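Scroll down for the structure; my scribbles are underneath it.
Chain A is the first sequence line, chain B the second, and so forth, proteins listed ahead of strands; every chain is numbered from 1. Everything numeric in this text was worked out from a predicted model, so none of it was measured.
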Amino acid sequence: GNSVTQMEGPVTLSEEAFLTINCTYTATGYPSLFWYVQYPGEGLQLLLKATKADDKGSNKGFEATYRKETTSFHLEKGSVQVSDSAVYFCALSDREEDSSYKLIFGSGTRLLVRP
Amino acid sequence: AAGVIQSPRHLIKEKRETATLKCYPIPRHDTVYWYQQGPGQDPQFLISFYEKMQSDKGSIPDRFSAQQFSDYHSELNMSSLELGDSALYFCASSPGTAGYTFGSGTRLTVV
């Protein structure tokens, strides 16, 4: 079945450091891939997405490239800020016949950025 | 822009009681999804509706039921509540495509 694996946290960085959060997936078809961010006590916000191989999603300085050959969708940011501290979820959506675009999430990676 | 509205934001119930969570999707979104997120866990898909019909079902207990009404809002009904049902319940809506907007969630605490 479909699944998402992402690196365990917490990831602790100093402000302005480079961020990488690894995400790999297993899917039977051609999924769409997403990164969601969850700030403390809040809901899930779509950070970026990519719908086909070699697509690059980007938003607020974050980027991720859909790599079909390595089944990966790693999240990167060149210079993190304290306000980026949150939990980041990698997710895929692979609509099967007679199904829906339900999301399958990774386990989440907590990012803590220190001043 | 209008977002997905969930109510209530917080709910405290005792064991064996019932709870009803409501979700109001973004206007013109015809698909609603429900997810459950336990403490420190990733969200798990429960159920979805498209045009008022159930379109998919995930790990939803038999004690739970849901429906989508003619105005596209959805309700998740939970009966015989257990301590393990304490979680954040998210609703999301979509215009029928992948990638959708989540509501802020309802935090259910069962005591």
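- In the hydrophobic cluster analysis, where Ile, Leu, Val, Met, Phe, Trp and Tyr join through side-chain heavy atoms closer than 4.5 angstrom, B/Tyr72 is grouped apart from B/Tyr24.
- Other residues, nucleotides and ligands contribute only 12 or fewer heavy atoms inside 6.0 Å of the CG atom of B/Asp62.
- For the pair B/Tyr35 (side chain) and A/Leu103 (backbone), a donor-acceptor distance under 3.5 Å is present.
- For A/Gln81, the CD atom is densely surrounded, since the number of other residues' heavy atoms within 6.0 Å is greater than 12.
- Interface residues of residues 102-111 of chain B toward chain A, defined by a heavy-atom distance below 4.5 Å and sorted by number: B/Phe102, B/Gly103, B/Ser104.
- By the rule that hydrophobic residues join a cluster once side-chain heavy atoms approach within less than 4.5 Å of another member, B/Met78 and B/Ile12 end up as members of separate clusters.
- When heavy atoms are compared at a cutoff of 4.5 Å, A/Phe89 approaches chain B solely by way of its side chain, counted from C-beta outward.
- Tracing side-chain contacts under 4.5 Å through hydrophobic residues (I, L, V, M, F, W, Y), one never reaches B/Phe49 starting from B/Tyr33; they form parts of separate clusters.
- Interface residue B/Gln37: only side-chain heavy atoms are found under 4.5 Å from chain A.
- Taking a 6.0 Å sphere around NZ of B/Lys13, one finds it holds more than 12 heavy atoms contributed by other residues, nucleotides or ligands.
- Put simply, B/Ile47 and B/Leu88 are part of two different groups of oily side chains (I, L, V, M, F, W, Y) that touch within less than 4.5 Å, one to the next.
- At a 4.5 Å heavy-atom cutoff, the contact between B/Phe90 and chain A is made by side-chain atoms alone.
- Other residues, nucleotides and ligands contribute only 12 or fewer heavy atoms inside 6.0 Å of the CZ atom of A/Arg114.
- The two residues A/Lys102 and B/Phe45 come nearest to each other via the heavy atoms CD-CD2, 3.4 Å.
- With a 6.0 Å radius and a threshold of 12 heavy atoms from other residues, nucleotides or ligands, A/Tyr30 has its OH atom at or below the threshold.
- The OG1 atom of B/Thr101 sits 11.5 Å away from the CG atom of A/Leu44 when rounded to the nearest 0.5 Å.
- Here CG of B/Asp42 is found 10.5 Å from CD of A/Gln38. Values are rounded to the nearest 0.5 Å.
- Side-chain heavy atoms closer than 4.5 Å link hydrophobic residues (I, L, V, M, F, W, Y) into clusters, and following such links, even through other members, never connects A/Phe105 to A/Tyr25.
- For the pair B/Tyr100 (side chain) and A/Tyr101 (backbone), a donor-acceptor distance under 3.5 Å is present.
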